[in-house]
Every structure is written in structure tokens, then in C-alpha cells.
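Below: one structure, written as C-alpha cells.
Letters A, B, ... mirror the listed sequences (proteins, then strands); counts begin at 1.
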Number of protein chains: 4
Amino acid sequence: MTPRQAPDLPPTAAADLPAKPKRVRLVPEVRRQQILDAALIEFGALGFTAASISKIAARAGTSKANLYVHFANKDEIFESLLKVLLVPTNSIWRPMQPGQDMQASIDAYVDELFGGLTPQSMAIMRLLIAESHRIPALANRWYEQTIVPTKVEQQQHIDAYVAAGQLRKTPLSDYFGFAMAPVLYAAIMQMVFGGQIAESESHKAKETLRKLLHMMLPAVAAS
Amino acid sequence: MTPRQAPDLPPTAAADLPAKPKRVRLVPEVRRQQILDAALIEFGALGFTAASISKIAARAGTSKANLYVHFANKDEIFESLLKVLLVPTNSIWRPMQPGQDMQASIDAYVDELFGGLTPQSMAIMRLLIAESHRIPALANRWYEQTIVPTKVEQQQHIDAYVAAGQLRKTPLSDYFGFAMAPVLYAAIMQMVFGGQIAESESHKAKETLRKLLHMMLPAVAAS
Amino acid sequence: MTPRQAPDLPPTAAADLPAKPKRVRLVPEVRRQQILDAALIEFGALGFTAASISKIAARAGTSKANLYVHFANKDEIFESLLKVLLVPTNSIWRPMQPGQDMQASIDAYVDELFGGLTPQSMAIMRLLIAESHRIPALANRWYEQTIVPTKVEQQQHIDAYVAAGQLRKTPLSDYFGFAMAPVLYAAIMQMVFGGQIAESESHKAKETLRKLLHMMLPAVAAS
Amino acid sequence: MTPRQAPDLPPTAAADLPAKPKRVRLVPEVRRQQILDAALIEFGALGFTAASISKIAARAGTSKANLYVHFANKDEIFESLLKVLLVPTNSIWRPMQPGQDMQASIDAYVDELFGGLTPQSMAIMRLLIAESHRIPALANRWYEQTIVPTKVEQQQHIDAYVAAGQLRKTPLSDYFGFAMAPVLYAAIMQMVFGGQIAESESHKAKETLRKLLHMMLPAVAAS
DNA sequence: AATGAATGAGTTTTCATTCAT
DNA sequence: AATGAATGAAAACTCATTCAT
């Protein structure tokens with residue numbers, strides 16, 4: 001894990017190109033995507049208000065005015081950005097694969113969960129936490145249409161395993177979504193403290209989650 | 001639980017008093033506290049950058065210029081605010097009281113943990129998540145001097161109970177700090193989604209935590 | 001000569017035009033020059049600190065914000081201004097023309113020297129005296145690249161005349177640059193006292209300089 | 001000669017005394033003088049507008065509010081300061097002493113003239129040049145009551161010497177006040193360019209003045 | 001579609017000055 | 001006489017947004 005929010009952002013693309021290609025005309029979708037890419041970096045590092053249109057434009061390699069050709073205003077850029085980001089879900093949590101032995105499958109899943117804590121996914125989390133009030137409808141829609149179905153599907157898998165006697169019934173098997181809590185916890189530690197502290201706290205949270213999940217294993221307990 | 005971050009802030013004190021009491025002179029501590037109170041509301045609702053000195057001053061019932069009599073600049077206000085907020089820790093997590101029967105004690109503790117999720121404590125959390133990069137030293141100091149000692153003391157209590165046979169050894173008794181994860185999870189749900197969603201997610205996290213803790217109970221398992 | 005520094009500045013251009021022509025778009029060079037013109041008046045009359053960006057913008061007939069489109073900050077405006085002003089030198093002092101008889105030539109030169117004391121050139125002098133510490137490099141460069149060459153060329157002319165026996169060797173022919181002293185003296189008198197006093201002192205300094213220069217005349221002495 | 005205007009001012013008196021003597025009550029004249037001393041340093045280094053009441057107060061070792069007990073406002077401080085400074089004239093220029101031989105006397109006088117160019121006297125000059133418009137009456141009074149009498153007395157001495165055949169009649173003996181021009185010239189060079197340049201220009205101006213004055217010597221000419 | 005120039009509204013901060021003690 | 005607290009006015013500067021080409 002890298003340090004938390006570091007406002008020493010990667011330099012603008014424009015910085016690399018002193019000879020600026022005058023007036024490149026792009027199809028709207030391409031331009032829009034360039035702008036959103038730039039916006040993610042800036043918003044993610046600085047938050048909505050502290051991020052500036054100038055910087056986004058510079059990073060996107062175009063002019064401020066051109067942002068307004070593609071988006072109505074700053075809010076719309078933000079909203080479009082999150083609309084894109086929230087669609088695919090950083091949908092990491094897939095249930096264990098049947099082929100593997102069960103414990104290995106759990107271990108892999110735990111690794112996958114915590115492995116999803118990339119700088120980018122954390123930037124998105126921070127944006128959601130700090131600025132979701134700007135996009136309440138979007139956030140709720142994301143919850144209803146992405147989070148809930150994922151959780152439901154996941155829970156169905158677990159329930160099926162439990163019914164089949166392949167997993168024992170524990171509080172975690174009853175509400176498997178609980179597994180997100182330690183992941184979020186690790187993310188927050190990273191955002192707030194960074195460095196050593198985050199590493200240590202994340203590790204403990206992860207291992208405890210692993211052991212709790214192992215308690216769902218049928219035969220004899222684990223690690 | 002009330003709705004999440006609502007930038008329809010309570011109106012300024014001054015708004016109520018069109019006839020402003022000219023030149024109230026206060027001792028510095030009082031005035032500073034008034035300013036910090038106002039600052040918490042504004043920073044908490046809007047974040048550092050979006051909060052404005054003008055609004056803080058208005059809310060504190062004094063002039064912009066007077067803020068600069070008591071604080072060097074906006075950053076110092078923010079830092080002073082967090083310095084105060086982070087000292088006492090909303091140190092909620094106290095171990096179970098010996099008198100009670102153990103299960104009731106655990107239940108009380110869980111209620112206390114989630115009961116600590118007041119609008120104010122959540123405003124602080126959001127500030128920490130969104131703006132801790134402004135006060136890295138403070139945040140780390142808080143972790144070292146407040147979080148760590150609290151966790152250590154807590155874990156010692158648990159360990160003692162386990163050694164005395166009053167609690168069973170489980171992954172949670174091994175790392176009791178894990179209990180913070182679902183609390184944080186509930187807080188984030190509140191911040192990001194608010195309303196129904198938060199309520200429901202919080203409830204599930206809380207009850208799962210409760211059941212997990214009950215697994216530490218000695219005799220026969222719980223709920 | 002007019003009165004010295006009169007902070008009753010000529011009114012802003014905008015003052016005359018209550019119906020402001022919306023959004024005049026100019027090429028940068030033109031706009032920059034307008035701003036610098038306004039800046040000269042304001043800086044010249046009030047000095048760097050007392051001059052204000054608002055007033056300069058108003059006088060230039062544009063918005064404050066637009067000044068920042070063309071210049072990075074107040075200092076840069078000041079520096080750009082002086083860079084322009086110091087380049088061409090108020091390069092007045094040219095040696096006597098061969099055609100004329102020598103005495104007439106000297107007299108013309110003296111008149112030219114003191115005639116260069118326009119309000120504008122004096123505003124520049126005052127700026128240099130009061131604010132040159134803001135632009136040490138510029139000032140020194142101006143000295144090296146403009147003052148020195150001019151003086152050198154001038155001295156060479158004089159030396160040639162002396163060598164040719166057309167002028168006598170006197171302390172003034174040895175260091176002809178000395179002639180600037182009474183001019184500066186007149187300027188300072190004007191800046192500090194203005195009116196009658198300046199007029200009288202200038203006159204005396206000028207006539208004395210003239211007589212001293214006449215002492216370089218070969219045949220019989222002068223006035 | 002030291003560098004020109006150096007806004008690295010000597011530190012405030014208060015800086016030396018962390019334990020501040022609470023509420024020292026002084027007789028008005030003493031306090032006034034302390035304030036004026038501080039004001040000279042600040043105004044002299046920064047000019048009227050850039051100098052600040054806070055700094056003057058701090059340097060004087062008292063409170064801002066107390067300045068307003070002794071002076072009506074910033075302008076009055078400035079005016080009082082110059083009233084004091086302009087009274088005694090750093091009126092150095094005294095005619096040659098009879099005892100000495102004439103040439104030595106002239107040389108001593110020239111040295112004295114240029115020796116009067118102390119940092120302090122130059123600060124005053126700069127103030128006069130940059131800010132005399134704030135105190136037109138004072139400046140004129142100073143001219144009438146101090147400069148003029150001094151010059152008149154001086155000229156009378158010269159005239160007497162010329163009448164007595166001890167000095168020859170030259171343009172400089174006709175208007176001896178001209179001698180101030182090269183001194184002012186040296187001062188301005190120092191203010192504008194400082195360092196090497198000022199030194200060199202001052203030297204040339206001084207030596208030329210010396211030689212011009214030597215031309216008043218009766219017998220055979222000098223150096 | 002693209003953009004350089006332009007701007008109104010707002011930002012943080014400073015300053016000379018005043019009030020209450 | 002002295003001062004800490006208070007403040008209105010203004011300063012420099014920024015920003016999201018718009019206009020004209």
C-alpha cells in the first residue's frame with residue numbers, strides 16, 4: 001500500500017508537451033473520457049471543491065472552455081465521473097470456486113477482498129464518503145442496483161453451501177456482507193493514517209476476518 | 001439516525017439577531033471556543049476547502065477579522081479544532097462491567113459502540129477521512145497516544161477474562177479491536193447513503209457483531 | 001513645470017463611460033499595454049504599495065481578474081512596467097552638433113537636459129528611488145546596458161573634442177557625466193518642493209551648469 | 001556605504017524581551033520619542049504605506065492602541081516624525097575654516113559633505129522624495145526656514161572670501177549651493193543601484209566637485 | 001469542437017482604527 | 001497612560017463560468 005492521499009499529483013500531461021498540438025478535434029466520447037480521467041485524479045486527490053477546473057483541463061490537455069462544451073458545469077463533471085465509476089462496482093467479492101478445497105477458497109477470497117484496495121478504489125471511496133451528498137440519487141441507485149444484487153447473489157451462494165452442509169452456519173454465514181466491514185476498516189486506516197499504522201491495522205483486520213470465515217468451515221477448525 | 005451530511009446547515013446565530021450587540025468583548029478562551037464550535041459545524045458539513053471563513057465568523061457571531069486575532073489562518077483553525085476533538089477520544093469502548101451477567105454486558109457494550117455514532121462524531125470521522133492529510137502529525141499522534149492505549153487496555157481486559165475462563169478464546173477475543181470495523185462500517189453507510197439504507201446496514205452489522213461477540217460467551221452459545 | 005506628485009490623479013477612463021462596452025476582446029499586447037499605461041500612472045503617483053490593483057484595472061478599463069490573465073501578480077506588473085520604461089532610456093543627452101557654433105551647441109544641450117524633466121520621466125525617477133529595491137536586477141541591468149554605454153559614448157565625443165583642441169580640458173570635460181547631477185538635483189527639488197521653489201532652484205542649477213560647461217569653450221570664456 | 005534600502009530591518013525590541021514588562025507607564029514625551037524612533041526605522045525602510053502601525057508599535061515596545069493615545073493617526077505620526085527630522089537639518093555644509101590653508105579646507109568640506117550620506121540621512125531623503133506630498137507645508141517650511149538661511153549664510157561667507165581676494169570668482173562661487181547637486185547625485189545612486197555602482201559614481205562625482213571647487217583657489221589651480 | 005480573453009462573485013488575509021476596561 | 005479584543009473596509013488574488021471568434 002502506498003501512502004494515503006498525496007496531493008503531490010502526477011504532473012499534467014501538458015507539462016510534457018511544450019509544443020502543444022493546436023486545436024485537436026476529437027470525437028466527443030474520447031474528449032469526455034479524457035476529461036473524466038483527469039477529473040478522477042484531481043477530484044480523487046483533492047475533493048470536489050479543492051479540485052479546480054483549470055487543473056482538470058490542463059491535465060486533460062484541453063482548454064477550460066472546452067470542458068464546458070462537453071459538460072454543463074463542475075457538478076456535472078463530478079456526477080458523470082461517479083456515474084461511470086459506480087457502475088462496474090469494484091465488484092471483487094466472488095464466492096469461492098467449487099474446484100478448490102474450501103479453506104483455500106476462503107483464503108483466496110480474503111486476499112482478493114483486501115487486494116481490491118488500490119489507490120484508485122480508495123480515491124473513489126473517499127470521494128463517496130466526502131462528497132456523496134452531492135449525488136444522493138446516484139449513490140442510492142448504485143446501492144440498489146449494484147451493491148444489493150451483488151450481496152444478494154453472494155448470500156444465496158453462501159446459503160446454498162450451508163444448506164448443502166459444506167459450510168457451517170455462523171453469524172457470518174447468516175450475514176455474509178459483514179465481510180465488507182474489515183475491508184472498509186482497512187481502507188479508512190489507510191486514508192487516515194497511512195504508512196505503518198495502516199499496514200499493521202489492515203493486517204490484523206484481514207487475519208481476523210480470515211479466521212472468522214474459517215469458522216464456517218465444516219470439519220475441524222482452522223489456523 | 002438523522003440524514004447524512006446536510007449542507008442545509010442550521011442558520012447562523014447572527015441571523016436571529018438583526019440588532020447586533022455592538023462589540024462584545026470576551027476572554028480569549030471563550031471566543032476561541034465559539035469560533036471552534038462554529039468551525040466544527042462548517043468544516044464538518046462542507047470540508048476544509050468548501051467551508052469559508054466568512055461563514056464561520058458569522059456563525060460564531062463575530063467578525064472575520066476577529067478570527068485572525070485568535071488564529072493565524074484557516075489552517076490553524078482547522079488544526080486547533082482537530083487537536084481539541086481528537087484529544088478526549090470519543091473513547092466509547094469500555095470492557096464489560098463485572099457485576100452484570102456477561103451476555104448483558106456484551107449487549108450493553110455493543111449498544112454503546114453504535115450509540116456513539118452521533119452526528120458530531122460522524123462529522124469528525126468524515127473530516128479525518130477527507131482531510132487528515134492536512135494534519136498528518138496530529139492524526140498519528142492521536143493514534144499513538146489515544147487509540148493505541150485504549151486498544152491495549154481493552155485487549156488486556158479481554159485477555160484476563162479469557163485467562164480466567166470467563167470468556168472463550170475466539171478470533172475476536174484474540175483481536176478485540178476488530179469490533180471497531182462494523183462500527184466504522186455503519187458510520188460510512190450513514191455518510192454515504194443515509195436514511196433507510198444506512199439504518200438497515202447498520203442494524204445488520206450491529207447484530208452480526210453482537211452474535212460474534214456472543215460466541216465468546218463460555219457456557220452455551222447465544223442467539 | 002507643473003506641481004509635483006499630485007495624488008489627485010486624472011480620473012479613470014471608466015468614469016467617463018457609465019455605459020460600459022461589454023467584453024471588449026483585445027489582443028494581449030494591446031491589453032497589456034493598456035494595463036501598463038494605467039500602472040505607470042498609479043504606481044508613479046502612489047508608489048508600489050499604495051497603488052492598488054483595483055484602481056489600475058479601473059483605469060485600464062478592464063476587470064481586476066483580467067489583470068491576472070495578463071500578469072501573474074502585482075509584482076510582475078511592476079516589473080514589466082519598469083522593464084519597458086528602463087529600456088529606451090530617457091536618452092536625452094546627445095553631444096553638441098558639429099554644424100553649430102560651440103556655445104550654442106552647449107546651450108542647446110543644457111536646455112535639452114532640463115527639458116527632459118517631464119512629469120513622466122520624473123514619475124519614473126521617483127519609482128526608481130522609492131522602489132528600486134523591488135527590482136535590483138533590472139536596475140543594475142539598466143545601468144550596465146543603458147546608462148554606461150551612453151555615458152561612455154558621450155565621454156568619447158568630449159574627449160575627441162578636447163584632443164582636437166575644440167574644447168578645453170576642465171574637470172567637467174574629464175568627467176562629463178557630472179552634468180547629470182544638477183539635472184537630478186532639479187528633479188528632486190521638483191519632487192520634494194514643487195512650485196516656486198523647484199523652479200528657482202532648477203533655474204540656478206541649470207545656469208550654473210551652463211556656465212561650468214562654457215568654461216570648456218576654447219577661446220574666450222562665456223556668459 | 002552600506003547597501004541601499006534593505007527591508008531586512010533590525011528586529012523589534014520586543015523580540016529580545018520575552019518577558020514583557022507589563023504596562024510601563026512613561027511620561028508622554030518619552031513614549032512619543034520611542035514611537036518616533038521606531039517610526040523612523042519602519043517608514044525609512046518601507047515608505048509610508050508599506051510601513052505598518054503594528055510593526056511600529058512592536059518596535060516601540062508598546063501596543064498599537066497606545067500609538068493612538070499619543071498620535072491621532074498614522075499620518076500624524078509621519079508628520080511628527082518629519083517635523084523633528086527636518087528641524088535640525090543635517091546641515092553639514094559649513095564654509096572653510098580660516099585657520100587652515102584654503103585647499104585643505106575645501107577638501108575637508110567635500111569630505112564632510114559626502115560623509116553626511118549616512119544610512120539615516122538617506123532614509124530621510126528617500127522619505128522626502130517618495131512621500132513629501134503628504135507634508136507639503138512641512139517641506140516648504142523646512143526649505144524656507146532651514147535650507148534657505150543656511151544657503152544664504154554660506155553664500156555670504158563665499159562672497160566675502162571672493163571680495164577679499166581669497167577665492168576667485170567662478171560659477172561655483174556665484175552659486176555655491178550647486179555643491180549640493182553632486183551630493184544628492186551620490187545619494188540617489190546609492191538608493192537606486194547600491195553597491196559597486198554607487199561607490200564608483202559617488203567617487204567620480206565627489207572628485208569632480210572637489211576639482212571644481214579647487215578652481216576657486218586663488219594662486220595656481222589644483223589637482 | 002475548440003479556445004483565449006474576459007469577468008462577477010467570492011476567497012483569505014491585512015490594516016488602521018476604536019472600544020471597553 | 002495603557003492595552004487586548006474587536007471591526008469595517010479594503011487589499012490581492014482565485015475560480016467557475018461565459019463570450020466571441
(request) Determine the interplanar angle of the A:Phe78 and A:Phe43 rings, folded into 0 to 90°, and report it as parallel if under 30°, tilted if 30 to 60°, perpendicular if over 60°. (result) perpendicular

(message) What is the distance, to the nearest angstrom, from the CD1 atom on A:Ile56 to the P atom on F:dA16?
(response) 8 Å

(request) Would you mind reading off the distance between B:Lys74 atom NZ and E:dT13 atom C1', rounded to a whole angstrom? (result) 12 Å

(request) Check whether any side-chain N or O of D:Asn66 sits under 4.0 Å from OP1 or OP2 of F:dT3, and answer yes or no. (result) yes

(message) If I take atom CD in residue B:Gln34 and atom C1' in nucleotide F:dA6, what distance separates them, rounded to the nearest angstrom?
(response) 13 Å

(request) Mark yes or no for a side-chain to base donor-acceptor pair under 3.5 Å between B:Arg23 and F:dA6, with no hydrogen or angle criteria applied. (result) yes

(request) Look at all strands and tell whether C:Ser63 reaches a base, only sugar-phosphate, or nothing, counting heavy atoms closer than 4.0 Å. (result) base

(message) Once you apply a heavy-atom cut-off of 4.0 Å, does A:Pro28 come out as touching a base, just sugar-phosphate, or nothing?
(response) nothing

(message) How many whole angstroms separate atom OH of C:Tyr68 from atom P of E:dG8?
(response) 16 Å

(message) Please compare B:Asp75 and B:Arg25 by the position of their nearest nucleotide in DNA chain E and report the one closer to 5'.
(response) B:Asp75

(message) For A:Arg31 and A:Lys64, find the nucleotide of DNA chain E closest to each by heavy atoms; which residue's nucleotide sits nearer the 5' end?
(response) A:Arg31

(request) Keeping the roles fixed (side chain from D:Lys74, backbone from D:Thr49), state whether a donor-acceptor pair exists under 3.5 Å. (result) yes

(message) Students often get this wrong, so: under 4.0 angstrom with heavy atoms, is A:Ala72 touching a base, only sugar-phosphate, or nothing?
(response) nothing

(message) Rounded to whole Å, how long is the line connecting atom CG of A:Leu46 with atom C1' of F:dT14?
(response) 15 Å

(message) Rounded to the nearest 0.5 Å, what separates atom CD1 in D:Ile56 from atom CD in D:Gln34?
(response) 14.0 Å

(request) By nearest nucleotide on DNA chain F, pick out whichever of B:Val27 and B:Ala65 is the more 5' one. (result) B:Val27

(message) What is the separation between atom CG on B:Leu26 and atom C1' on E:dC19, rounded to the nearest whole Å?
(response) 14 Å

(message) Minimum heavy-atom separation for C:Ile77 and C:Leu36, please, with both atom names.
(response) O-CD2, 3.8 Å

(request) Examine F:dA2: is either OP1 or OP2 under 4.0 Å from a nitrogen or oxygen in the side chain of D:His70? Give yes or no. (result) yes

(request) Could you tell me the separation between the CZ atom of C:Phe71 and the P atom of F:dC13, rounded to a whole number of Å? (result) 13 Å

(message) I'd like to know if the side chain of B:Arg134 and the backbone of B:Asp75 have a donor-acceptor N/O pair within less than 3.5 Å.
(response) no

(request) Write down the distance between CD1 (A:Ile35) and C1' (E:dA2), rounded to a whole number of angstrom. (result) 11 Å

(request) Look at all strands and tell whether A:Ala50 reaches a base, only sugar-phosphate, or nothing, counting heavy atoms closer than 4.0 Å. (result) nothing

(request) Would you check if the side chain of C:Asn73 reaches a backbone N or O of C:Glu76 as a donor-acceptor pair within less than 3.5 Å? (result) yes

(request) Give a yes/no answer on whether the side chain of C:Thr62 brings an N or O atom under 4.0 Å of OP1 or OP2 in E:dT7. (result) yes

(request) Please determine, for E:dA20, whether a Watson-Crick or G-U wobble partner exists with both distances under 3.5 Å, and give it or none. (result) F:dT3

(message) Pairing check on E:dG10: which nucleotide meets the Watson-Crick or G-U wobble criteria with it, both distances under 3.5 Å?
(response) F:dC13

(message) What contact category does C:Leu67 fall into here, base, sugar-phosphate, or nothing, at under 4.0 angstrom with non-hydrogen atoms?
(response) nothing

